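Below, chains carry the letters A, B, ... as their sequence lines are ordered, and counting in each starts from 1. Quick caveat, the model's predicted, so the values are computed rather than measured.
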Amino acid sequence: MSQYKSDFISKLVERQYLHQCTDIEALDAKAAGGPVTAYIGFDCTAPSLHVGSLVPIMLLRLFQQTGHKPIVLMGGGTTKVGDPSGKDDQRKLLDDAAIAANMAGIKSVFKKFLTFGDGPTDAVMVNNADWLENLNYVSFLRDYGRHFTINRMLSFDSVKLRLDREQPLTFLEFNYMILQAYDFLELANRHSVSLQMGGSDQWGNIINGVELGRRVAEKQLYGLTTPLLTTASGAKMGKTVDGAIWLNEDALSAYDYWQYWRNCEDADVGRFLRLFTEMPIEEIERLEKLEGAEINDAKKTLADEATQLCRGDKAAELARSTAETTFEQGGMGEDLPSIDIARAELDAGIGVLAAFTMAGLSISNGEARRLIRGGGAKVNDQAVSDEKATISSEQINSDGVIKLSAGKKRHALIKPV
RNA sequence: GGAGGAGUGCCCGAGUGGCUAAAGGGGACGGGCUGUAAACCCGUUGGCUACGCCUACGUUGGUUCGAAUCCAACCUCCUCCA
């Protein structure tokens, strides 16, 4: 039983997506009355989005599934300016080619989560470079700049934090919030967008847009943010062993993606199941109550569901069976990361240090050496004690590969070719 | 334009002539405990063809037997003044 009338807001609250909203009752009423159009912007700062962006993506998906029209805004224009929110220093400025390449990489992931098309609730993708690039500076300032006071802009966290810490904030970055506000207005005009959503760090940027819409167009716009996701122990989401958890499959293997979810903290399982899977809430409530070793089942389910959404059923299944063989049976699954090494080279023998580095288990020979000294390096599950040991064809096991392990969790296979 | 302050390893931050590959903390990695959690404990944390060599304390030069430490110029940032 929910206090909200609309399917969207009820689910939003039930699945813990809501952090702040400009006017939840009014938005609820509007959503109950028919399809609403909302957008979320994504800047093109990297060739792939990572799990930090997954909450907004899942939110768009939920929005669409509850009968509304999502718009994905690619920040082709705003990326050139750089959002200062939550950052201490200015990012390196990206050139047009890099932005275009990043955008191409990012675009692909949305097709997995949203249905695009021309229908009333089909998703649409737009690029703010289309309207930002050709703005006339002076007219823009006269038309919109007069609606922003410096006094107010200085009070926003994105600006205030930077100034308080005596970190430089350039005029370029200072303009970001104005451009984002303008985006909202532009989308309201072009696509009848009435709601902008985003992470909680976007709150300031979003309400600027809501206010601008009211002032220059007398439009009633809404803003809504999701909580900033950290793990139960306070770490930022998405960073781990080898860096970010990328959504694109060419940036991170399905196996590693699956593993990421499988290794989440106990205390996060329930929340993650709500946010990142579409399991019925009753089932989630059952799973999150599991204790001790049993909660591992809930984590596997989480990993399965999350991987299916982002990488497909087959990839999820393969990742799971690989993980089960590797960890539960001490064997090795076919989906472990692997490298090909020429048979002749193997016959001659390769130093362990080099082998670990080639397999991506260490970044340098020095690190491989430390791994060995710490007792964490294994070849075919046998601990390596000699840094000068070599790996050769003789160690190819019955499966035709050599298994290297760094610690308990990181494994790689050497495949002779 | 003037005056003052600052720039150190992935990050924060100590270090004001040799004992400094650079304290301490964070992060990360490895080990232990466990459940492929968390918390906690221990270890490691520039590179290499490794009892040695190379690279590193904003940049470039200089002083010195010897510099992250002294000097000069330059670059960048902060604060105050005009």
Completion exercise
In whole angstroms, the gap separating P of B:rG47 from CD1 of A:I363 amounts to 9 Å

Practice task
List for me each residue that meets ring pair (Phe, Tyr, Trp, His ring centres under 6.0 Å) alongside A:F116, sequence neighbours excluded, and say none if there are none.
Solution key: none

Practice task
Verify salt bridge (Lys or Arg N to Asp or Glu O under 4.0 Å) between A:R320 and A:E324, making sure each step is shown before the conclusion.
Solution key: CA-CA 6 Å; A:R320 178 179 186 139; A:E324 287 182 340; 3.1 Å; yes

Problem - Under 4.0 Å protein heavy-atom contacts per nucleotide of nucleotides 36-42 of chain B, with B for base, S for backbone only and - for none - result: BBSS---

Exercise for the section: Flag the pair A:H411 / A:Y255 as yes when their ring centroid distance falls below 6.0 Å, and as no otherwise. Expected result: no

Practice task
Calculate the interatomic distance between A:E387 atom CD and B:rC48 atom C1'; express it in whole Å.
Solution key: 14 Å

Exercise for the section: Decide whether A:Q196 and A:Q180 meet the rule of one side-chain donor and one side-chain acceptor closer than 3.5 Å. Expected result: yes

Handout entry: Salt-bridge criterion met for A:R271 and A:E288 (N-O under 4.0 Å)
Key = no

Exercise for the section: Check the side chains of A:T170 and A:E173 for a donor-acceptor pair under 3.5 angstrom, ignoring hydrogens and angles. Expected result: yes

Practice task
Write down the distance separating the P atoms in B:rC40 and B:rA56, rounded off to the nearest Å.
Solution key: 38 Å

Exercise for the section: Round to a whole Å and report the spacing from CZ of A:R373 to P of B:rU44. Expected result: 11 Å

Exercise for the section: Could you classify B:rC70 for me, syn or anti, using a glycosidic angle within 90° of 0 as syn? Expected result: anti

Handout entry: Pair pattern of RNA chain B in dot-bracket, where unpaired bases get dots and | marks partners in another strand, Watson-Crick or G-U under 3.5 angstrom
Key = ((((((((.[[[..)..(.....]]]((((((.......))))))(((...)))...[[[[[..)....]]]]]))))))).

Exercise for the section: Answer with yes or no whether the side chains of A:D43 and A:Y176 bring together a donor and an acceptor at under 3.5 Å. Expected result: yes

Exercise for the section: Using only side-chain N and O atoms of A:R410, determine if any of them is under 4.0 Å from OP1 or OP2 of B:rG30. Expected result: yes

Problem - Nucleotide B:rU79, atom C1' - distance to CG of A:L163 in whole Å - result: 13 Å

Handout entry: Parallel, tilted or perpendicular, as decided by the 30° and 60° cut-offs, for the rings of A:Y257 and A:W261
Key = perpendicular

Exercise for the section: Decide whether A:S362 and A:T357 meet the rule of one side-chain donor and one side-chain acceptor closer than 3.5 Å. Expected result: yes

Exercise for the section: With P as the reference atom in both, quote the distance from B:rC12 to B:rG7 in angstrom, rounded to an integer. Expected result: 12 Å

Practice task
For B:rU36 versus B:rC42, give the span between their P atoms, rounded off to a whole number of Å.
Solution key: 24 Å

Practice task
Determine: side-chain N/O of A:R369 to OP1/OP2 of B:rG46, distance under 4.0 Å, yes or no.
Solution key: no

Problem - Separation of B:rC29 P from A:N365 CG (nearest whole Å) - result: 20 Å

Handout entry: Rounded distance in Å between the C1' positions of B:rC11 and B:rG46
Key = 16 Å

Handout entry: P spacing across the pair B:rC41 / B:rG47, given as an integer number of angstrom
Key = 27 Å

Practice task
Name the nucleic acid region contacted by A:G292, choosing base, sugar-phosphate or nothing; use a 4.0 angstrom heavy-atom cut-off, strictly under.
Solution key: base

Exercise for the section: Starting from C1' on B:rC78, measure out to CG on A:L169 and report it in whole angstrom. Expected result: 14 Å

Handout entry: Span that lies between the C1' atom of B:rA22 and that of B:rU16, in whole angstrom
Key = 14 Å

Practice task
For nucleotides B:rC48 and B:rC10, find the distance between their P atoms and express it as a whole number of Å.
Solution key: 15 Å

Handout entry: Interatomic distance where CG belongs to A:L361 and P belongs to B:rA28 [whole Å]
Key = 19 Å

Problem - Closest-nucleotide ordering on RNA chain B, the 5'-leading residue of A:G374 and A:G366 - result: A:G374

Exercise for the section: Please state the P separation for the pair B:rU34 and B:rA14 - nearest whole angstrom. Expected result: 42 Å

Handout entry: Ring geometry between A:Y144 and A:F140 (parallel below 30°, tilted from 30 to 60°, perpendicular above 60°)
Key = tilted

